[in-house]
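Have a look at the structure below before the remarks.
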Amino acid sequence: MYEGVVQDLIDELGRLPGVGPKSAQRIAFHLLATDPADIARLQDVLGKVKEGVQFCEICGNVSEQPTCRICRDERRDLTVICVVEEPKDVLAVERTREFKGRYHVLGGALDPLSGIGPEQLRMRELLKRIGEADIREIIIATDPNTEGEATATYLVRMLRDFPGLNVTRLASGLPMGGDLEFADELTLGRALSGRRAL
């Protein structure tokens with residue numbers, strides 16, 4: 001362990017997702033050796049992100065305005081919604097250039113062991129959107145892992161009662177246990193094109 005504020009920095013960096021103890025230590029020592037102007041720029045950007053970025057009031061994606069650019073785009077198909085877990089998944093699907101509808105970001109996946117149930121996700125907002133608009137298809141694009149599959153199953157049960165609503169799930173091509181953000185464009189594009197009814 002290091003003294004005082006250096007160890008505090010390592011501990012805080014280690015709390016970031018995907019950053020283990022060794023990586024946190026490397027980042028901390030990199031920051032210690034970095035020019036003060038670069039540190040000031042980093043602090044400025046972090047402050048701007050925290051103050052200026054919000055979640056879209058319609059879909060839950062990140063945005064600097066009350067609604068995101070996708071929800072503001074009138075060329076998008078209003079009758080199709082792709083349901084994803086996180087804002088990073090919106091970018092992953094957009095990279096395929098296969099999807100022309102809108103999104104709904106749940107804000108995570110069902111994970112009872114971590115205390116994440118339907119109430120902690122944006123499921124009520126999804127039901128409200130379906131009830132207020134002429135939605136014809138919901139594409140469930142949750143991660144192909146245990147939590148994502150549980151979330152997809154829950155959504156299918158919840159959406160069954162909407163007349164005329166076609167509920168689909170991304171097709172094969174995505175590895176089980178993987179995350180959407182790490183899938184390449186071709187694999188994700190094929191999965192989106194070959195989605196199947198549930």
Side-chain angles (χ1 to χ4, degrees), residues 54-63 65-181 183 187-198:
Q54 55 193 314
F55 293 100
C56 176
E57 352 179 284
I58 298 171
C59 72
N61 194 10
V62 290
S63 177
Q65 298 179 27
T67 55
C68 71
R69 66 175 176 78
I70 294 172
C71 288
R72 289 190 312 266
D73 187 347
E74 294 179 8
R75 297 170 297 176
R76 305 293 291 223
D77 186 348
L78 300 174
T79 67
V80 181
I81 294 176
C82 181
V83 179
V84 296
E85 292 177 20
E86 302 287 347
K88 62 184 169 49
D89 300 328
V90 170
L91 182 60
V93 175
E94 282 296 289
R95 282 194 322 248
T96 69
R97 298 192 173 123
E98 292 280 332
F99 183 65
K100 305 297 182 219
R102 300 223 175 151
Y103 293 92
H104 187 83
V105 180
L106 293 172
L110 293 174
D111 188 1
L113 296 176
S114 298
I116 301 172
E119 306 79 32
Q120 284 73 42
L121 303 177
R122 298 186 70 252
M123 292 198 181
R124 280 189 301 272
E125 291 86 344
L126 177 62
L127 293 176
K128 184 178 176 192
R129 285 179 75 184
I130 294 169
E132 292 176 351
D134 181 28
I135 307 298
R136 296 194 183 119
E137 182 181 10
I138 296 290
I139 302 168
I140 300 174
T142 53
D143 289 338
N145 56 24
T146 307
E147 294 82 9
E149 290 299 322
T151 306
T153 302
Y154 185 88
L155 286 169
V156 168
R157 287 188 193 140
M158 194 173 73
L159 300 174
R160 261 191 204 135
D161 298 331
F162 284 90
L165 182 65
N166 189 21
V167 180
T168 59
R169 176 93 165 109
L170 289 185
S172 61
L174 295 173
M176 285 302 292
D179 289 333
L180 281 178
E181 69 175 312
T187 301
L188 193 54
R190 285 182 181 163
L192 193 58
S193 297
R195 63 188 182 272
R196 58 185 165 75
L198 298 175

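In this structure, R69 places its CZ atom where only 12 or fewer heavy-atom neighbours from other residues, nucleotides or ligands lie under 6.0 Å away. Within a 6.0 Å radius of CZ in R157, no more than 12 heavy atoms belonging to other residues, nucleotides or ligands are found.
The structure places CD of E125 at 12.5 Å from CD1 of I58, a figure rounded to the nearest 0.5 Å. A distance of 10.0 Å separates OG1 of T79 from CD1 of I138, quoted to the nearest 0.5 Å. The distance from atom CD1 of I70 to atom CZ of R76, rounded to the nearest 0.5 Å, is 5.0 Å. Here the CD1-CG distance, from I130 to D161, works out to 11.5 Å after rounding to the nearest 0.5 Å. To the nearest 0.5 Å, the span separating CG on L165 from CG on L159 amounts to 6.0 Å. K100 NZ to E94 CD: the interatomic distance, rounded to the nearest 0.5 Å, is 7.5 Å.
A salt bridge is absent between K128 and E57; no separation between the charged side-chain nitrogens and carboxylate oxygens falls under 4.0 Å. Ion pairing between E149 and R169 holds under the 4.0 Å rule for side-chain N and carboxylate O.
The backbone N or O of D143 sits less than 3.5 Å from a side-chain atom of E85, completing a donor-acceptor pair.
The minimum heavy-atom distance between G148 and A109, with the atom names listed, is N-CB, 4.4 Å. Shown here for A152 and I140, the closest heavy-atom pair between the two residues is CB-CG2, 3.6 Å. The two residues R122 and V105 have their closest heavy-atom pair at NH1-O, 3.1 Å. Nearest heavy-atom pair across A141 and L180 is O-CD1, 2.9 Å. When every heavy atom of D89 is checked against every heavy atom of E181, the shortest pair comes out as OD1-N, 4.0 Å. Among all heavy-atom pairs drawn from N61 and P87, the shortest one is OD1-CB, 3.4 Å.
Residues I139 and V80 are in side-chain contact: their nearest non-hydrogen atoms beyond the backbone lie under 4.5 Å apart. Proximity of L121 to L126: side-chain heavy atoms (C-beta onward) are nowhere separated by under 4.5 Å. Contact check for R102 versus R129: side-chain heavy atoms found under the 4.5 Å cut-off. The shortest distance between side-chain heavy atoms of R72 and S63 falls below 4.5 Å. With contacts defined as side-chain heavy-atom distances shorter than 4.5 Å, the pair L78/D134 does not qualify. Side chains of P118 and L110 form a contact here, defined as non-hydrogen atoms less than 4.5 Å apart.
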Evaluate the side chain to side chain contact (heavy atoms under 4.5 Å, CB included) criterion for residues M123 and T151: first the C-alpha distance (whole Å), next the side-chain angles of each, then the deciding distance (0.1 Å), finally the verdict.
CA-CA 10 Å; M123 292 198 181; T151 306; 4.0 Å; yes
List the steps and the verdict of side chain to side chain contact (heavy atoms under 4.5 Å, CB included) for T146 and D111.
CA-CA 9 Å; T146 307; D111 188 1; over 6 Å; no
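Residue pairs meeting the ring-ring contact (aromatic ring centres under 6.0 Å, His included) criterion with at least one partner in residues 102-158, sequence neighbours excluded, are F99-Y103.
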